[in-house]
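The next block holds one structure in the form of structure tokens; read it before the comments.
Here is how names work: the chains are called A, B, and so on, in the same order as the sequence lines, proteins then strands, and each is numbered from 1.
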Amino acid sequence: MSELRRGLRPALRLGAAIAVLLAASPAAAQDGGIDKGDTAWVLVSSALVLLMTPALAFFYGGLVRRKNVLSILMQCFLCLSLMTILWVMFGFSLAFAPDALGGLVGGGDYFFLRGVTFEPWGSTTIPGQLFMVFQGMFAIITPALMVGAFAERMKFSAICLFMGLWLLLVYCPVAHWVWGGAGGFFGLGGDGALDFAGGTVVHINAGVSALVASLLLGRRQGYPTSTSPPHNLPFAVLGTGLLWFGWFGFNAGSALAANEQAVNAFVTTHVATAAAALVWGGLDWMRHKRPTLLGVITGAVSGLVAITPACGFVSPLGAICVGGGASLVAYFAVVKLKPRLGYDDSLDVFGVHGVAGIWGAIATGLWATSASPNSTVDGLFYGNPAQVLIQLKAVAFTIVWAAVVSFVLLKVIDLVLGLRVGEHEERIGLDLTEHREVAYTLVD
Amino acid sequence: MSELRRGLRPALRLGAAIAVLLAASPAAAQDGGIDKGDTAWVLVSSALVLLMTPALAFFYGGLVRRKNVLSILMQCFLCLSLMTILWVMFGFSLAFAPDALGGLVGGGDYFFLRGVTFEPWGSTTIPGQLFMVFQGMFAIITPALMVGAFAERMKFSAICLFMGLWLLLVYCPVAHWVWGGAGGFFGLGGDGALDFAGGTVVHINAGVSALVASLLLGRRQGYPTSTSPPHNLPFAVLGTGLLWFGWFGFNAGSALAANEQAVNAFVTTHVATAAAALVWGGLDWMRHKRPTLLGVITGAVSGLVAITPACGFVSPLGAICVGGGASLVAYFAVVKLKPRLGYDDSLDVFGVHGVAGIWGAIATGLWATSASPNSTVDGLFYGNPAQVLIQLKAVAFTIVWAAVVSFVLLKVIDLVLGLRVGEHEERIGLDLTEHREVAYTLVD
Amino acid sequence: MSELRRGLRPALRLGAAIAVLLAASPAAAQDGGIDKGDTAWVLVSSALVLLMTPALAFFYGGLVRRKNVLSILMQCFLCLSLMTILWVMFGFSLAFAPDALGGLVGGGDYFFLRGVTFEPWGSTTIPGQLFMVFQGMFAIITPALMVGAFAERMKFSAICLFMGLWLLLVYCPVAHWVWGGAGGFFGLGGDGALDFAGGTVVHINAGVSALVASLLLGRRQGYPTSTSPPHNLPFAVLGTGLLWFGWFGFNAGSALAANEQAVNAFVTTHVATAAAALVWGGLDWMRHKRPTLLGVITGAVSGLVAITPACGFVSPLGAICVGGGASLVAYFAVVKLKPRLGYDDSLDVFGVHGVAGIWGAIATGLWATSASPNSTVDGLFYGNPAQVLIQLKAVAFTIVWAAVVSFVLLKVIDLVLGLRVGEHEERIGLDLTEHREVAYTLVD
Amino acid sequence: MKYVIAIFQPDRLNDVMARLEQKEIHLVTVTNVMGRGRQKGVAAVYRSHKEAGSLLRKVKIEIAVNDEYLQQTIDAIVAGAHSGEIGDGKIFVLSLEECVRIRTSETGSVAIG
Amino acid sequence: MKYVIAIFQPDRLNDVMARLEQKEIHLVTVTNVMGRGRQKGVAAVYRSHKEAGSLLRKVKIEIAVNDEYLQQTIDAIVAGAHSGEIGDGKIFVLSLEECVRIRTSETGSVAIG
Amino acid sequence: MKYVIAIFQPDRLNDVMARLEQKEIHLVTVTNVMGRGRQKGVAAVYRSHKEAGSLLRKVKIEIAVNDEYLQQTIDAIVAGAHSGEIGDGKIFVLSLEECVRIRTSETGSVAIG
Ligand SMILES: Nc1ncnc2c1ncn2[C@@H]1O[C@H](COP(=O)(O)OP(=O)(O)O)[C@@H](O)[C@H]1O
Ligand SMILES: Nc1ncnc2c1ncn2[C@@H]1O[C@H](COP(=O)(O)OP(=O)(O)O)[C@@H](O)[C@H]1O
Ligand SMILES: Nc1ncnc2c1ncn2[C@@H]1O[C@H](COP(=O)(O)OP(=O)(O)O)[C@@H](O)[C@H]1O
């Protein structure tokens, strides 16, 4: 978000201005450029993003079989707890400290939050600790997104190890390039790749790694002939509702201020999601003579994914295109591509997050407009074709890094622990075999 | 809310004042009277109101039979997506653009959000786009409220068509009269009908239309003898909890600022809801020797409905009366009126939203007090009997418009598409026949 | 929070300063030291704390048997409604009005909210009514916490009576000592017991009373041999997710401002919870060769409990210790102590809230550091051993008061109404016998 | 003694129970089942993946009766469950060798009612 | 061979299972059912709409045994499920013609255990 | 006529149903059950409280067939449910005295199909 930063400057100059203005009063000194309104908004946004992980747990958990629902929820709570600790110890530093290894990753300056203060972060008007925890919520949900690809067959121990390493070796570097690095992307990002709230860092990253994981894990028993329908669709719908709600913190919160840019991100996020839900529903209707609810919520999530990198840069009408397009590409990936290639990405993490994420990153290069508040960049449709190439480059970098590192990690873990549970365990279900619990009593 | 507007002015004069105060600094020019604290609060409120629609989906979904729960959730998600798109394209303009057709509705000035900027909206201190999206959330949930009346028997295609037209032809005009029109109510509202957060526009509107719909649709098979109990009461309770939570955004957010008026609306909303829940529980206890949970949550929702128009104008103690009274009238409507008249308003949309909404509008005229922050109007109990008549007139206008237009719409749609699914489809359930899905697996 | 108050002063002096600064403008006069950003944050926090009670209802409800889930939800909604009314009528005054009975409790000055205005509360920058409703949310959830100890066997009528009296006779006095009293703790607290967001008032208070209740009620039929597993673990997980989300309002909101202290409380709350979840999961893993999800969520709640009194005073790294330690002590209490002593604290209210609450209060005395924003006190590990004793005294006072008064109340109610339902009712389940409802249909 | 098993449409349960009441047959055990019959199930679709002819919800009731009650039990069920449409269901009769009332340990015909 | 069907109070399941264990009867199939018996169900009320005498939760177990095990099976169930209160339930015994163990395709008595 | 009851692993249901289809046995009733068999259940643990050998999810199907169809019904079930592992389950055959199709009131063999 070197770009985002730039985007923010005006707002921040303003923040500074206020500080100056108040410098006369004792208050000012004490307050040191922290804006109460901005702080309130980012506090709330952090809470909203936290909620997205339980929300995701239900979105995924409702789609698996009864015997595996707890394993999904457990893996999401693993992310909530493990990633948080890793983040405050190493992750934040690796992502946001000054360059190390020539910008591949951040240095150790902030290990254990050393030097992360309550002073305004960078040129923002919120405390550094708040920026840290807000970003920490992103570091929780991103690995959690991959859970949908492992579903119903991966060893919990292997998941713990993989998730932890993945955060440090895949997420943090990419986050550093896009948001934390001086030049970003090994200095290449200097040319201004746009990613407002995490299209590359979060969705492409997780989506591609998920694909790799599902290929290495292999298919579930009986896939595709006799896998069973979602055991509790209302749970998936509940998850979607909470995701939509939380995503406002994810996207609009990324403005790091309660300003016009946040409002723009809020509006575009909402509109794109609605458009995507409509499109997927329509495709179902045409294809199966009935619109399905699972289709509509899958579309909504695809729209949320695609608008993530774009939300601060496009207009509400542009957002309709970004969202609508997201459902088209994701629908194609889920309904045509996956069956054809025959991999078992159980809950379509790649189809929804990977493919719609890539679409979103590109679409940002198409519909970005400098008319958006605090934004200075135009996309193809506003006369700046170059931006598309810049976006493509960022996408390519992310895909390659995520794919290669995830592949290596999984191979190694397979040797050390083994990735997959036994046939018998898979049949009985992970809840009982991996966690010694049953989700619902049949008789009590 | 011409009245509300007036109510807001002081706060806004203040906002202006600040702008003046800061005008010296470059910041000010750039900030143009946007208040970060107010913006943060309305951003959050918009998210809270969005959450109310999934919440409503679970409140309703838990009360129907297993075989129809998805159809309810689907209809709510239809509102989330379709209404959003219609709103940005036409709805907002029809509701909030300068008068057209002599104030019957807004003009086309804001079609496709043309001219909706990030400058402060009207005399508020929040960006116009934020006001637009906040109001858009109201346009989503209002039609969704009617879902409870169609439940378990209406064709999805007919619902899509009806909902869309209803938004443009019923909701937008009434919203324009009450909040968007110069004089409001064809200039009659100039005399100051009070509706803080949508008693007439939202609840009476939806409640009355719901009654019309349930009359035209006719009863469900086996009603009333062999309709079955709520298939999942905890879902209905979950929905209620989330509604209560989201309603703070709905009511306190309608102050469009984080000011004393918002606080008053927050407190009265909370108190009225509690009182209503207690009263309904008590009535159950007296009548059936046991308080029922369904009674308590129904009471809570009735209280939320009734306080909606009043929340900014009454005192906390007044709110206890508004809420308690709401349960009394709604209880009567649901328990006595409906069985007597024998219509099948499946989930009591009319009883709860219509009747309690009417009560709330009238009660506003009884307990309104100019002692409330930013408020200038007194009700009957504070020496201004006239206000009751003004309220009644507003109610009457809304009822007539909603009833007549909804009736015509439904009749036409019945001819074009047919309103009701076949007997066999109704028996199998709408989830499978209208959406090709099953909510819960029995065996997996 | 005499201490907290002190902690706040700087910020408040600042607030004042701003007022002075703006005094020139008409705005100022009108605004009277209310800060929009702070108000926005506390409005949101109040809504978040409200959500915690439905969240708790699901956390508990998922853990009981199908036949009793509604009784749990009902008892939580009883708190939502009854406590709210009692609070506005008497509770707030008893807790926060000037001393009566020599500081044992607050006087009647604020009965029926008389004299509770929209002017800034005390030295804060938020309206008095907002402070009142924010505190009211605490008065709702605290009694609700005890529901887990009564579960599956207590008469609803007895619960109503007990809860109401408990609020006025146990909660309000302790709240007055800790937060509302001049000197606090009969003037003893003057030496500065630390309780940022309610370790003593909320968790120890409820936990100890819950233990007393479970002892007086006796065990459920068939406990411990044939009690059955959680009927719906996903519900408990949903509750935990929402609790984690809402707790940010509970803890960070207790700063009563969107300032650095709120940020510190937010970060420590999040980190402690994550650490606690990890530790409990680890203990399970070691003890049963598998980590259980119920263990992880129980750990998370223990962490949230323990960090509550500490969140504003400790550092993020200190929070890891507070949280990790919480799981250790709570695990011991739940897994070893309870079976040994053989009481049936059905859902471990004492083990989780009582024990982890006591740990948290003590831990505050260990890890408190004046380096935290707006904080002036150091704990043992920062060279001030005295603080531990001060904390222990506060804990002791709370335990004694809660235990004695609860014991008396329950004994009296047992005589008047009887505490426990009949054997037959208990077998059939409270949903049907106490509330005439069934949670889930088996056939419809 | 006979053991009667009947499978029919869930929404007919109330009618059937009522009919049985009338005939003084009070004791019934009800189970939630899924059935595949003549009435081919509608195929469910999840992300465009068709679930082959999914099973339909049905309800199963079991009634142990003395031989003289058999006919009216069957009649009551048919009367309550009949709609003439495919999917109405079936009634199966098995012979019951012994019956024990747990509360009293009575056996045979007396224990049935 | 006999096919034993027993219906009793859900909260008795653990006891019954334990008793059966003692008698070395390990193989059991359990189903969640609802029953209307002597013990009249409590009427549920939804928004003041009374649900006529609602069904009560019961649990049903099925056990296939060889004839010589029949008596002790019945005894074990009675011992575990008996409370002397209305609602205790019933045991039904049907004759079992054939039994096949899917894993080994063994049939008859040997396949039962 | 025979009344066939089979209990097997839930994840085998699709295979079994398919096999039955092939043999033109279309009418089946499926129930969700829990079983305790040879295959000892894994003990579940809640807050370190062990649930003694918990029951495992199984699925039960019931099929009424005419005698001549019996063997192929059994074969189809075995073919679909067999995995050779403990837990595969059982098939039980009872004699069926009467069968009534509710829709038409037909009885006997004709009513079965
Ligand atoms: N021969 C049978 N064996 C087991 N169950 C059966 C049999 N015949 C019907 N059923 C059950 O009865 C239900 C209704 O049967 P169906 O054939 O649809 O009714 P109809 O005969 O009126 O068309 C089926 O779904 C199935 O559950
Ligand atoms: N004749 C019967 N046929 C089918 N089910 C029965 C029969 N008698 C009892 N049951 C089942 O047993 C349960 C308990 O029966 P009930 O009459 O209440 O017990 P008790 O005979 O001890 O009073 C009933 O709810 C019902 O499910
Ligand atoms: N004698 C029996 N009576 C009732 N149910 C049985 C009986 N034998 C097996 N079952 C059912 O079949 C299921 C599988 O039985 P199991 O013994 O595990 O299979 P296998 O014989 O292949 O080891 C059991 O869980 C139980 O539900």
Side-chain angles (χ1 to χ4, degrees), chain B residues 10-11 13-18 20-21 35-38 40-41 44 48 65-67 228-234 237-238 240-242 244-245 248-249 252 257-260 262-264 266-267 270-271 273-278 281 288 290-294 296-297 299-300 316-317 320 373, chain C residues 22 24-28 30-31 34-41 43-44 46-48 50-51 53-55 57-58 61 69-71 73-74 77-78 80-85 88 112-113 118 126-127 129-130 132-133 136 156 232 235 238 258 431 433-441 443-444:
Chain B
R13 232 184 270 108
L14 157 62
I18 282 179
V20 175
L21 172 72
D35 181 283
K36 291 284 192 75
D38 293 340
W41 170 238
V44 177
L48 286 170
R65 281 168 285 188
R66 274 165 202 289
K67 61 186 179 184
S228 91
H231 90 282
N232 192 325
L233 255 181
V237 175
L238 174 64
T240 309
L242 292 173
W244 196 329
F245 174 63
F248 288 123
N259 59 10
E260 292 82 350
V263 171
N264 190 68
F266 191 108
V267 173
H270 183 57
V271 172
T273 309
L278 273 185
H288 305 290
R290 292 284 185 279
T292 69
L293 179 53
L294 179 55
V296 167
I297 62 177
L317 294 190
I320 293 182
Chain C
L22 301 183
S25 76
Q30 210 155 1
D31 200 346
I34 296 297
D35 181 284
K36 292 284 191 75
D38 294 340
T39 302
W41 171 237
L43 279 168
V44 176
S46 304
L48 286 170
L50 174 107
L51 185 62
T53 298
F58 276 81
V69 56
L70 296 181
S71 69
L73 303 184
M74 181 68 156
F77 269 72
L78 171 76
L80 279 165
S81 48
L82 181 61
M83 300 306 146
T84 300
I85 302 302
V88 299
F112 306 101
L113 303 186
F118 291 89
I126 61 168
Q129 284 273 0
L130 180 52
M132 181 281 296
V133 79
F156 186 68
N232 192 325
F235 273 173
L238 174 64
D431 293 358
T433 55
E434 288 287 282
H435 305 298
R436 295 275 181 271
E437 293 168 302
V438 177
Y440 316 94
T441 53
V443 286
D444 56 3

- prompt: Is there a donor-acceptor contact under 3.5 Å from the side chain of Gln129(C) to the main chain of Val267(B)?
  reply: no
Those residues at least two apart in sequence (or on a different chain) that pass side-chain hydrogen bond (donor to acceptor under 3.5 Å, both in side chains) with Ser81(C) are none
Under 4.5 Å to a heavy atom of chain C? For Val296(B) that would be side chain
When the 4.5 angstrom heavy-atom criterion is applied to Phe118(C) and chain B, the contacting part is both
Cut-off 4.5 Å, heavy atoms of chain C, and the answer for Pro230(B) is backbone
Applying a strict 4.5 Å limit to non-hydrogen atoms, the region of Ile297(B) in contact with chain C is side chain
Honestly, the part of Ala275(B) sitting under 4.5 Å from a heavy atom of chain C is both
Phe266(B) meets the ring pair (Phe, Tyr, Trp, His ring centres under 6.0 Å) criterion, sequence neighbours left out, with Phe248(B)
So, the part of Val88(C) with a heavy atom under 4.5 Å from chain B: the answer is side chain
Per-residue tally against chain C (heavy atom, under 4.5 Å) across Asn264(B), Leu48(B), Thr240(B), Ile320(B) peaks at Asn264(B)
If one checks every heavy atom of Met83(C) against chain B at 4.5 Å, the contacting part turns out to be neither
So, the part of Leu317(B) with a heavy atom under 4.5 Å from chain C: the answer is side chain
